[in-house]
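The block underneath contains the structure these notes are about, expressed in structure tokens.
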Number of protein chains: 2
Amino acid sequence: MKLNDRAETLLRTLIELYINDGQPVGSRTLARKLKVNLSPATVRNVMSDLEDLGLIHSPHTSAGRIPTQQGYRFFVDSLLQVRPLEQLTLKEMQDKFSYERDPQLLLTKASELLSQVTHFAGVVLIPGQRSSLFRQIEFVRLASQRVLTILVTDDGRVQNRVIPTDRSYAANELVEAANFFNQVYGGTSLADVRRGLLEEMQKDSDEMHRIMATALAVAGKLFDDEDDGGDAVMLSGEENLLNVPDLCQIEKLQKLFDAFKTKQDLLDLLDRSMKVSGISIFIGEESGYRSLDDCSVVTAPYDHDGEIIGTVGVIGPTRMSYEEVIPVVDVTARLLSGALSSTADRLE
Amino acid sequence: MKLNDRAETLLRTLIELYINDGQPVGSRTLARKLKVNLSPATVRNVMSDLEDLGLIHSPHTSAGRIPTQQGYRFFVDSLLQVRPLEQLTLKEMQDKFSYERDPQLLLTKASELLSQVTHFAGVVLIPGQRSSLFRQIEFVRLASQRVLTILVTDDGRVQNRVIPTDRSYAANELVEAANFFNQVYGGTSLADVRRGLLEEMQKDSDEMHRIMATALAVAGKLFDDEDDGGDAVMLSGEENLLNVPDLCQIEKLQKLFDAFKTKQDLLDLLDRSMKVSGISIFIGEESGYRSLDDCSVVTAPYDHDGEIIGTVGVIGPTRMSYEEVIPVVDVTARLLSGALSSTADRLE
DNA sequence: CTTAGCACTCGGAATAACGGAGTGCTAAAG
DNA sequence: CTTTAGCACTCCGTTATTCCGAGTGCTAAG
């Protein structure tokens, strides 16, 4: 799409005005706001062109214009000049991450941070197990037939689960089994561990090493679980969206909160955005999920030692201040990546 | 408060009608609905009395009557006949709890169950650490100066935390320390453990046993943490409240969701209800928390081996079907208690 | 190409009219 | 004394109407 300078400035100003006050922008208002002196009539002509191009439209004859989805799209792609983050905000954000090394808490904090700073909803895609590497497993005997299984992955995340067992295991049996398990599978991907376990189970159990049998019996169920292999989405500040005037219709909120509950749509969307490097922006219906029709989602992937493992993002109304939200998401992703990195581990 | 039979029936019918359709009930409607044949005029006279007693009121002159808070109170205290749970629902609820022994998941399920069955919000007060007994601690070495600490309490709940340490500990040091710790403190309350730790720390460190020093250094931080000692509230199905017509004003929802976020009010309320045996019902402003003004909360405590350790409940509009919600809350509390009990442990 | 002028459109606020549901009161009937 | 019928009255919610202002599109002149 090609626009002359004047049309661009006009469109930019219009969108900025609309993002600010949420009112359709008329030719007179726009003319007054512009640096160059133009009459409302001239502005009207340009606006008419922009409308023909599908970038803006009027809700009705005698109202001003508001950006269309394509208008927003053009705006963020070509017109937006992202303002750098306020020094104060940046400091706040850094503070939030300092002195925290637990990856799970870091993710929570990232999500909260996003919602607090933007006043919209913060969201974090938590990397699925399958992609991370197995580091360590530990078994703790709780009761005669209950074993607490602790799984540590190389990105530092910890999962635990109480597992009922068929027979009672002695403490040293469990220690042996864990050691064995750690030696055999340490450093391989969880998907491989799973595969390996399945193979072992195929074999006749008599052939199996006694320790391996124990480990299998206990850990097997941990890896059986479908849920644990998948990704998960963490959400914060949903309640902020209740304050957003653009979403103040109950039905819209219902659709949205429904999506928040099932999380599937969010998951898909964030997963898509993980495959792109840098900021992704989904505007209104672009995302393809009806539940997000009136929303925009701004996301950025984060990494662990250079490998992208998840996404952080903000969900807000389409009429959001992209120039403010984008740097917040960007910086959050960077800070999170930094805090997760092994270097940070070693420095602590 | 004393009412004659007719007035009682009338009040009950009125409240039931109002709970059903949410419309103010007029004398004609009420007269038609009553078994006994009474003219609207007579009904009006009785209603007038009930209004004088403060049990009902009209929103305006030419509308029917709706129950006041005191009306609801009288209703649940004296008029309500709780209908036993539908066989089908009961079955569903039992199914939800079967085959689950992990206490944390049980609490989650209880909360979800409450929201699913009632279509309101389900809430569970998770017992604070301080009240439960210390069973077991385990240390797992993650990196040179990071130790994963796992705390198991006698009610089967597991907490873990990655703790940065001042120096590096060898695996066997950690095992020794854990064993020692478990022997010294096993079976005492977490509050006592905390107290014991503080005392030990007072002493000159040179005097301390080497192993104890390790345990202290690692576990100390776990017990330092203020947050972990407190209670927590788990909430499900908040989004259901968006569908409730009585709460469809954005500001009300804002107040409510704000309370859900901070959780302090909920916590206080549930904590109060834990000290009462059996069902508690807070109607509208009775709770004393402005955020819950338009809501009622129905709660029941649950126990672990006979000792009350928490509360489950439902948060819905004041105009809710108490006769349906009450048994659901009641049964959930019972099922949860049963599933948590040690007997269930042993049987598994 | 830009601008002034003008007729036209449309939504939103304000106002008025109206019908319905419900009440309270009174007086008569049981 | 209680119950009932009748009636005047109140007030809400709806609908219709008007009116104003903001904004547009078009045309013709600069």
Side-chain angles (χ1 to χ4, degrees), chain A residues 2-11 13-18 20-68 71 245-246 248-249, chain B residues 2-11 13-18 20-68 71 245-246 248-249:
Chain A
K2 203 77 182 86
L3 289 183
N4 61 44
D5 276 4
R6 195 172 65 178
E8 277 196 359
T9 325
L10 229 144
L11 179 61
T13 316
L14 186 148
I15 296 186
E16 281 168 359
L17 276 174
Y18 180 68
N20 253 328
D21 359 327
Q23 301 296 328
V25 183
S27 54
R28 193 190 313 258
T29 330
L30 193 49
R32 265 200 293 266
K33 200 74 186 180
L34 284 170
K35 302 276 170 9
V36 286
N37 266 16
L38 281 181
S39 75
T42 314
V43 172
R44 276 205 289 281
N45 288 333
V46 182
M47 283 166 109
S48 185
D49 296 345
L50 291 174
E51 182 150 26
D52 289 344
L53 289 169
L55 297 172
I56 57 180
H57 84 282
S58 3
H60 57 85
T61 330
S62 76
R65 306 300 219 292
I66 63 180
T68 61
D246 296 38
C248 72
Q249 290 154 65
Chain B
K2 203 78 184 83
L3 288 183
N4 62 44
D5 275 5
R6 194 172 64 177
E8 277 195 359
T9 328
L10 228 142
L11 180 59
T13 317
L14 186 148
I15 295 186
E16 282 167 1
L17 277 174
Y18 180 68
N20 253 328
D21 2 326
Q23 300 297 327
V25 183
S27 54
R28 193 189 313 257
T29 330
L30 193 48
R32 265 201 292 267
K33 200 73 185 182
L34 284 169
K35 304 275 170 8
V36 287
N37 264 16
L38 282 179
S39 75
T42 314
V43 172
R44 276 205 289 281
N45 289 332
V46 182
M47 283 167 109
S48 184
D49 297 344
L50 291 174
E51 181 151 24
D52 289 344
L53 289 170
L55 297 171
I56 58 180
H57 84 283
S58 2
H60 58 84
T61 330
S62 75
R65 306 300 218 294
I66 62 179
T68 60
D246 295 39
C248 72
Q249 290 154 65

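The model shown is predicted, which means the values in this text are computed figures rather than measured ones. Sequence lines set the chain letters: A, B, ... in the order given, protein chains first and strands last, and positions in each chain run from 1. Side chains are part of it too, since the values below use all heavy atoms of this structure and drop only hydrogens, waters and symmetry mates.
- For A:S39, the side chain to side chain donor-acceptor pair (under 3.5 Å) criterion is met by A:T42, not counting sequence neighbours.
- For the residue pair A:M47 and A:I56, the shortest heavy atom distance occurs at O-CD1, 3.6 Å.
- Counting only residues at least two apart or in different chains, side-chain hydrogen bond (donor to acceptor under 3.5 Å, both in side chains) contacts with residues 20-36 of chain A comprise A:S27-A:R44.
- Residues in residues 53-65 of chain A take part in these salt bridge (Lys or Arg N to Asp or Glu O under 4.0 Å) pairs, two or more places apart or across chains: A:E51-A:R65.
- Atom-to-atom, CG of A:L50 to P of D:dG25 comes out at 12 Å; the value is rounded to the nearest Å.
- Rounding to whole angstrom units, NE2 of residue A:H57 and P of D:dG25 are separated by 13 Å.
- Of all heavy-atom pairs spanning A:I15 and A:G71, the tightest one is CD1-O, 3.7 Å.
- Taking both residues in full, the closest heavy atoms of A:L55 and A:L3 are given as CD1-CD1, 4.0 Å, listed atom of the first, atom of the second, then distance.
- Between B:Y18 atom OH and C:dG22 atom C1' the separation is 16 Å, expressed in whole Å.
- Atom CG of A:D52 has more than 12 neighbouring heavy atoms from other residues, nucleotides or ligands inside a 6.0 Å radius.
- Remark: P of C:dT3 and CG of A:N37 are 9 Å apart, rounded to the nearest angstrom.
- Between B:Q23 atom CD and C:dG20 atom C1' there is a gap of 14 Å when expressed in whole angstrom units.
- With sequence neighbours excluded, no residue forms a salt bridge (Lys or Arg N to Asp or Glu O under 4.0 Å) with B:D49.
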* Structure fact -> For nucleotides 5-24 of chain D, 5' to 3', base contacts (B), sugar-phosphate-only contacts (S) and non-contacts (-) with protein non-hydrogen atoms under 4.0 Å give BB---BBS--------BBSB
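- Taking the C1' atoms of five terminal pairs at each end of the helix from C:dC1-D:dG30 to C:dG30-D:dC1, the two resulting helix axes are inclined by 20°, rounded to 10°.
- Atom P of nucleotide C:dT2 and atom CG of A:L34 are separated by 13 Å, given to the nearest angstrom.
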